[in-house]
2 protein chains.
Amino acid sequence: MAATDRKPKTLAHYPRPSVAVDTAVLTVADGQLCVGVLRDPRSARLRLPGTFLHEGETLADAVRRSLREKAGIEGVEPAQLHVFDAPGRDSRGWVLSVAHVAVVPATGLRELQPRAVTEAMGLDFDHDEIVRLAVSLLRADYAEHPDPARLLPEPFTVTALREVHDAVAGERLLPDSFRRRMLPMLRRTGELQRGGVGKPAALYRRTTTS
Amino acid sequence: MAATDRKPKTLAHYPRPSVAVDTAVLTVADGQLCVGVLRDPRSARLRLPGTFLHEGETLADAVRRSLREKAGIEGVEPAQLHVFDAPGRDSRGWVLSVAHVAVVPATGLRELQPRAVTEAMGLDFDHDEIVRLAVSLLRADYAEHPDPARLLPEPFTVTALREVHDAVAGERLLPDSFRRRMLPMLRRTGELQRGGVGKPAALYRRTTTS
DNA sequence: TGACATTAGCGCGGATCTGCTTGAATGCGA
DNA sequence: TCGCATTCAAGCAGATCCGCGCTAATGTCA
């Protein structure tokens, strides 16, 4: 945290930067990993939702406030990605931006416009890079754990779980390898998925607390 | 980046936080992964080196300046870890701290006191947590690549490389598995390590650019 | 009502990986 | 100078992993 510098009486003697938060809100819709964007009223370009950090507020709270006020999104758990600090990256002055990622269910983007992450380019500021980092982090997480963002309501079949992972990974995963990797982290409910065509599939819940 | 808020004329109308950088400087000395600490003149407790971010300066530059001024360390390439933002975490006021990690050769800690990471606890602020994050990131990197921080001068033997990785991992790695995992990322120089006892070992250089 | 299409998931053979053993190449000491 | 300790690194057998094929269990349509 704070560093002890030469001989300042108070912190106010230093010039301080503005600190913003910007958030890549990810979801899976129509079998595709999507990010929520909106049009910046100043630049008229597409961008991620963000806001300035207020006094006495944590970064996560600022993210939640920005998503609530600008998109009507509630109840997310943002994770930090990176601080963008290039001098001159914001024409209005000295602004640091702390990039975040949040994941919401398919219907949760609310007032944000969904864009497939493979096509979401040309965003304002360094928001393309934020999307890249967010997707990269989410894919790493999904490669290790069964639906860690809990996009899928329990209980679910292994096939339904794999379809979510397919969308996040952006490619068709091999069903057999996927099943073998995920089964140790799942617990059978004993019930079967009825009503569909074909052999009924077993229903599972997550066991890993993460 | 910057977010467009309600109707401020300029950024100066918002209260802004002080932003600090704090850095876990890691090295391998005597076969142990160590972190460089110093005594805080205000609190008299041990802490990581840090400073406040100056205007027109990037976070990496602030890290380099703090290490140069407080420890005489030059030429590091810091990597960001996390932003600590808890209100009240610094008694002097509203201070965000961006934690960093940097790796230096064994003799490179200069004026910092080396502490084995297994014993470096009870540091000021949230610096224990920074050390934890820094070690975790470094270990993940070393698990994938041969000495990515370039602690070992080229050319080197596989055994010398493994000893560095042992120190970073904090445990004895299995020599065969280690050799097999690293060989695809190494290139034989054709020369042999002479002068030691036993069969001369082949010398290698890194091929992975990272 | 019975044959067929569809889906789940178990089991098999091939490939890969792991840790141990063995042979080879050196320096050192008698 | 000759054995011996030491170290490197290739070879081997057991274990694990992977993708494919097969069987089972359902809904659907004639």
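Per chain, numbering begins at 1; letters A, B, ... match sequence-line order. These numbers come from the heavy atoms of this one structure, side chains and all, not from hydrogens, waters or symmetry mates.
- The six-membered or imidazole ring of A:His54 lies away from that of A:Phe52, with a centre-to-centre distance of 6.0 Å or more.
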Pair A:Arg64, A:Glu77 - check salt bridge (charged side-chain N to carboxylate O under 4.0 Å, His left out), show working. CA-CA 8 Å; A:Arg64 277 185 277 263; A:Glu77 195 51 56; 3.5 Å; yes

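- In plain terms, the two heavy atoms of A:Pro78 and A:Ala102 that are nearest each other are CA-CB, 4.4 Å.
- Sorted by residue number, the members of residues 193-205 of chain A with any non-hydrogen atom under 4.0 Å from DNA chain C read A:Val197, A:Gly198, A:Lys199, A:Pro200, A:Ala201, A:Ala202.
- Exactly one residue among B:Arg47, B:Arg42, B:Arg45 makes a salt bridge (charged side-chain N to carboxylate O under 4.0 Å, His left out) with B:Asp124. That residue is B:Arg45.
- A straight line from CZ of B:Arg188 to C1' of D:dA10 spans 12 Å, rounded to a whole angstrom.
- Between A:Arg180 and A:Asp176 there is a salt bridge, with a side-chain nitrogen of the basic residue lying less than 4.0 Å from a carboxylate oxygen of the acidic one.
- Using a cut-off of 4.0 Å between Lys/Arg side-chain N and Asp/Glu carboxylate O, B:Arg65 and B:Asp61 are scored as not salt-bridged.
- Contacts between residues 154-181 of chain A and DNA chain C, defined by a heavy-atom separation under 4.0 Å, are made by A:Thr159, A:Asp176, A:Arg179.
- Note that the first and last nucleotides of DNA chain C, 5' to 3', having any atom under 4.0 angstrom from a heavy atom of chain B are C:dT18 to C:dG27.
- When atom types are taken as modelled, the side chain of B:Asp147 and the backbone of B:Leu151 share a donor-acceptor pair closer than 3.5 angstrom.
- Side chain of B:Asp85 to main chain of A:Leu59: a donor-acceptor pair is present (N/O by atom type, distance under 3.5 Å, no hydrogens or angles).
- Remark: A:Lys70 does not engage A:Glu111 in a salt bridge, criterion side-chain N to carboxylate O under 4.0 Å.
- With hydrogens and angles ignored, the 3.5 Å screen pairs a side-chain donor or acceptor of B:Thr27 with a backbone N or O of B:Val104.
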